[in-house]
Participant: 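I have a structure here, written as structure tokens, and I will follow up with some questions on it.
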Amino acid sequence: MGKCDWFNKNEQVILIEQFRHGTEEVFLEIPDGTIDEGEEPIIAAARELIEERVFAALEIIPVGNSRLNPAIQNNWIYHFLALG
């Protein structure tokens, strides 16, 4: 894997600005979103990347999953690496 595989064509990591009401601040974050009913997480990842940043990846690699706050939530967060 070459150096540019981790970046867009301008060698930049793709981030989005999000306003978060809890802190009333804007944060730089990786693109994220929700999984539609019956949708596979990897399909949702590809869709959300296009919807949020108008980018399509040549390859999407699952890198794991985690729970954001298991003390009060039971949802999973799926992590993917989008290349190309």
Side-chain angles (χ1 to χ4, degrees):
M1 181 177 335
K3 176 184 172 200
C4 292
D5 291 340
W6 294 87
F7 303 93
N8 70 6
K9 67 181 180 180
N10 297 318
E11 296 189 4
Q12 297 170 323
V13 174
I14 305 301
L15 298 173
I16 58 173
E17 289 184 340
Q18 290 280 14
F19 177 79
R20 297 299 181 185
H21 293 279
T23 59
E24 296 186 355
E25 296 177 300
V26 174
F27 290 89
L28 283 177
E29 302 177 355
I30 58 174
D32 65 356
T34 59
I35 301 170
D36 292 336
E37 177 97 19
E39 187 176 40
E40 291 294 319
I42 197 166
I43 301 300
R47 176 181 50 75
E48 287 289 345
L49 186 60
I50 292 168
E51 287 177 2
E52 294 215 15
R53 293 299 302 163
V54 194
F55 286 104
L58 295 176
E59 182 179 13
I60 297 180
I61 302 167
V63 293
N65 56 0
S66 60
R67 293 199 186 263
L68 181 62
N69 189 352
I72 60 172
Q73 297 173 316
N74 66 358
N75 60 311
W76 283 99
I77 297 173
Y78 298 88
H79 310 280
F80 296 92
L81 175 62
L83 302 174

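In this chain, numbering begins with 1 at the start of the sequence shown.
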Participant: Would you find more than 12 non-hydrogen atoms of other residues, nucleotides or ligands less than 6.0 Å from Asn74 atom CG?
Facilitator: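 Atom CG in Asn74 is not crowded, with 12 or fewer foreign heavy atoms closer than 6.0 Å.
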Participant: Quick one: pull up CG in Asn69 and CZ in Arg67 and give me the separation to the nearest 0.5 Å.
Facilitator: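 Result: 11.0 Å between the selected atoms.
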Participant: Keeping to residues at least two apart or across chains, list the ring pair (Phe, Tyr, Trp, His ring centres under 6.0 Å) pairs with something in residues 29-50.
Facilitator: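 Listed once each, the pairs would be none.
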Participant: Given a cutoff of under 4.5 Å between side-chain heavy atoms of I, L, V, M, F, W and Y, with clusters grown through shared members, what are the other residues clustered with Ile72?
Facilitator: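 Ile72 shares its hydrophobic cluster with no other residue.
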Participant: Clusters formed by hydrophobic residues whose side-chain heavy atoms approach within less than 4.5 Å: which one holds Leu68, and what are its other members?
Facilitator: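 Besides Leu68, the hydrophobic cluster comprises Ile77, listed by chain and residue number.
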Participant: If you compare all heavy atoms of Pro62 against all heavy atoms of Ile60, which two are closest, and at what distance to 0.1 Å?
Facilitator: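 So the two residues come closest at CD-O, 3.9 Å.
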Participant: Is the number of heavy atoms from other residues, nucleotides or ligands within 6.0 Å of CD (Glu25) greater than 12?
Facilitator: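 Correct, the count exceeds 12.
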Participant: Could you name each residue pair satisfying ring pair (Phe, Tyr, Trp, His ring centres under 6.0 Å) that touches residues 18-49, not counting sequence neighbours?
Facilitator: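 As it turns out, the ring pair (Phe, Tyr, Trp, His ring centres under 6.0 Å) pairs with a partner in residues 18-49, which skip direct neighbours, are Phe19-His21.
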Participant: Ring pair (Phe, Tyr, Trp, His ring centres under 6.0 Å): which pairs involve residues 58-84, sequence neighbours left out?
Facilitator: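 Output for this query is empty, none listed.
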Participant: Over all heavy atoms of both residues, which pair between Val26 and Glu17 is shortest? Give the atoms and the distance, please.
Facilitator: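 Result for this residue pair: CG1-CB, 3.8 Å.
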Participant: Which pairs would a plain distance check flag for residues 28-42, meaning a side-chain donor or acceptor within less than 3.5 Å of a matching protein atom at least two apart in sequence or in another chain?
Facilitator:
from  : atom 1 : to    : atom 2 : distance (Å)
Glu29 : OE1    : Arg20 : NH2    : 2.7
Glu29 : OE2    : Arg20 : NE     : 3.0
Glu29 : OE2    : Arg20 : NH2    : 3.4
Glu39 : OE1    : Asp36 : N      : 2.8
Glu39 : OE1    : Arg47 : NH2    : 2.8
Glu39 : OE2    : Arg47 : NE     : 3.0

